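Report on the structure given below.
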Amino acid sequence: MKIMVDIKKRLWSGRRVFRLEVAFASDKDFVVLFGPSGVGKSLTLQTIAGLTTPDEGRIVVGERTLFDSSRKIRVPARHRNVGYVFQDYALFPHLTVAQNVSFGLKQGWPWYLPRGERLRLDEALEIFELTPLKYSLPRDLSGGQRQRVALARALIRRPSLLLLDEPFSSLDALLRVKMRQELLKLKERFTIPVILITHDPQDVAALAETVVVYEHGRVSKIISPPKHDYPVRERPSLSSWAANLCA
Amino acid sequence: MQSILEGFAAAFRLIVTGNPELWRIILLSLEVSGTALILATVLGLPVGACLAMRRVPVKGLVISLLNTGMGLPPVAAGLFLYLFLSRSGPLGFMGLLYTPTAMIIVQCILAFPIVASLSHAAIANVDPVIRQAAVTLGATPIQESLAVVKEARYSIMAGVMAGLGRVMAEVGAIIIVGGNIAGYTRVMTTTIALETDKGNFELAIALGIILLTISFSITVALRFFQRLGRTGTSAASWA
């Protein structure tokens with residue numbers, strides 16, 4: 001799906017000004033925003049989701065213009081139909097797993113779901129292996145389980161785009177490898193384009209179809225990794241290639 | 001010493017035998033303070049929620065005013081309401097002075113800043129990412145606010161309990177606007193003040209004991225809600 005972002009935004013913090021001026025476009029289904037902390041990757045994701053409004057520019061996802069300052073288009077965040085997985089997952093702490101996942105579904109009376117929606121909830125819990133954890137609260141879950149809840153909650157609404165803000169940063173190395181595989185499977189299963197933020201070259205190597213490299217609020221390069229026909233797991237050469245991006 | 005012991009003995013006799021005068025006073029106390037608290041919550045919670053979640057022009061000033069209101073001396077509140085409600089005052093035509101309604105109004109004025117200010121603090125304490133998460137999941141502004149308020153519900157309950165604690169124990173305001181009329185506007189705290197003045201200690205001590213019991217129950221409830229707020233669940237954490 002075609003994704004086009006061309007935005008400018010200034011943020012003030014005291015006398016310091018942060019200028020975000022990024023433009024990138026991709027017709028690939030897996031875009032990775034790559035760069036060190038504090039260069040505006042998360043801010044870019046927030047503008048795509050509609051949580052922050054850019055000063056000027058344009059954001060197009062597929063056929064849909066989500067934001068265009070010259071044409072005064074600004075689709076409200078809740079109508080953008082974008083799935084967002086926050087860095088620390090932002091689960092509702094006082095809601096159970098099932099209530100968290102069903103938050104975006106059509107609600108009847110408090111926690112009463114119409115039958116069709118209940119089926120969707122059960123299906124999602126099944127896909128993400130959360131059925132046994134249905135009545136648990138987020139604080140009783142492990143990092144990996146929390147992430148599955150966050151993914152299920154975002155994907156149950158069948159969004160047209162999935163945004164992931166450093167999804168693997170709080171997982172241990174072993175789990176990270178596993179979750180990367182899971183993520184690729186999910187992307188196939190839901191046929192959904194993904195934009196992912198990371199500062200881990202491993203993620204870039206394993207996942208990216210387009211890499212957008214950030215530097216001080218600007219895009220320094222946009223690269224498509226070398227073509228590959230073999231399984232992602234066996235791409236060691238790519239990770240050294242990705243490591244070079246940092247240099 | 002002798003008289004204190006006798007006083008307690010008589011007081012227990014009053015409580016155990018269920019003196020109708022005593023019960024009427026207790027019930028009126030609960031009715032006045034309870035109604036005032038419900039009103040204060042209905043008014044204060046939305047104010048606290050708006051302050052915490054919406055852009056309010058003079059937010060800092062409003063919060064300072066509310067915090068001042070938390071320490072508002074009850075006698076001062078009573079005095080001002082008295083001036084408004086007295087025959088020559090602007091609202092004198094309503095004839096509310098020396099009625100339970102006037103007592104409810106003044107206690108509501110006292111509880112409102114506490115409920116508003118503490119629920120503001122409770123709601124402002126909810127992680128802002130929670131709101132963003134709700135929005136990306138398609139929540140309307142009202143659903144978004146509800147999600148945040150629900151997250152803060154136990155801390156809000158603690159604020160309401162704090163408000164109840166204040167109005168139950170308060171005497172200065174209701175004695176001014178209520179007038180302490182026997183069988184009509186006489187409540188626990190005003191009775192204690194009066195009977196102590198008269199040297200009539202049995203009823204005063206009996207009411208004192210009951211008032212303490214109620215305060216204790218409020219404190220226990222407060223702790224219960226604060227604990228729920230921290231741990232988030234009921235059954236599991238109590239085991």
Side-chain angles (χ1 to χ4, degrees), chain A residues 42 45-53 66 75-97 99-107 110-111 135-141 146 149-165, chain B residues 45 48-49 52-55 60 118-119 121-161 221-239:
Chain A
S42 292
L45 224 54
Q46 286 181 2
T47 57
I48 298 173
L51 299 173
T52 307
T53 310
L66 296 180
V75 179
R78 65 173 191 278
H79 292 147
R80 290 197 179 189
N81 197 23
V82 162
Y84 200 126
V85 175
F86 292 84
Q87 191 168 358
D88 47 6
Y89 311 137
L91 302 178
F92 302 110
H94 290 102
L95 301 186
T96 64
V97 167
Q99 289 167 341
N100 261 288
V101 174
S102 61
F103 187 91
L105 295 177
K106 211 171 80 189
Q107 302 278 349
W111 315 130
Y135 301 113
S136 305
L137 288 168
R139 69 191 167 94
D140 297 328
L141 303 180
R146 277 180 209 176
V149 177
L151 279 166
R153 185 177 73 171
L155 287 172
I156 199 170
R157 306 180 69 230
R158 301 262 165 195
S160 51
L161 175 66
L162 180 63
L163 306 175
L164 302 167
D165 193 346
Chain B
L45 181 53
M53 290 191 283
R54 300 267 167 261
R55 277 196 192 151
L118 293 184
S119 52
I123 293 167
N125 223 354
V126 175
D127 191 344
V129 178
I130 294 289
R131 290 180 65 189
Q132 299 192 329
V135 172
T136 62
L137 292 167
T140 62
I142 290 176
Q143 290 169 330
E144 176 195 338
S145 306
L146 278 181
V148 176
V149 169
K150 266 187 205 157
E151 285 306 325
R153 62 190 183 272
Y154 298 117
S155 314
I156 292 172
M157 274 312 290
V160 173
M161 284 293 149
L222 189 69
R223 248 188 73 74
F224 175 77
F225 284 120
Q226 279 171 341
R227 201 179 155 135
L228 271 186
R230 264 203 313 279
T231 57
T233 183
S234 47
S237 58
W238 280 95

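In the text below, chain A, chain B and the rest are named by the order of the sequence lines, each starting its count at 1. A quick note: this is a predicted structure, and the numbers were derived from the prediction, not measured.
Across B:Leu137, B:Val126, B:Asp127, a single residue satisfies side chain to side chain contact (heavy atoms under 4.5 Å, CB included) together with A:Phe92, and that is B:Leu137.
Of all the listed residues (B:Gln132, B:Glu151, B:Glu144), the one sharing the greatest number of non-hydrogen pairs under 4.5 Å with chain A is B:Glu151.
If you take CZ on A:Arg78 and CD on B:Gln143, they are separated by 8.5 Å, rounding to the nearest 0.5 Å.
Contacts of A:Gln46 with chain B are made by side-chain atoms alone, with heavy-atom separations under 4.5 Å and no backbone atom involved. Heavy atoms of A:Arg157 lying under 4.5 Å from chain B belong exclusively to its side chain. Neither the backbone nor the side chain of A:Ile156 has a heavy atom closer than 4.5 Å to any heavy atom of chain B. In this structure, the portion of A:Phe86 lying under 4.5 Å from any heavy atom of chain B is its side chain and not its backbone.
Closest non-hydrogen pair, B:Ala133 versus A:Arg153, comes out as CB-NH2, 3.6 Å. Counting all heavy atoms, side chain and backbone alike, B:Ala139 lies closest to A:Phe103 at CB-CE2, 4.2 Å.
Contact of the A:Pro93 side chain with the B:Ile130 side chain is registered, since non-hydrogen atoms from C-beta on lie closer than 4.5 Å.
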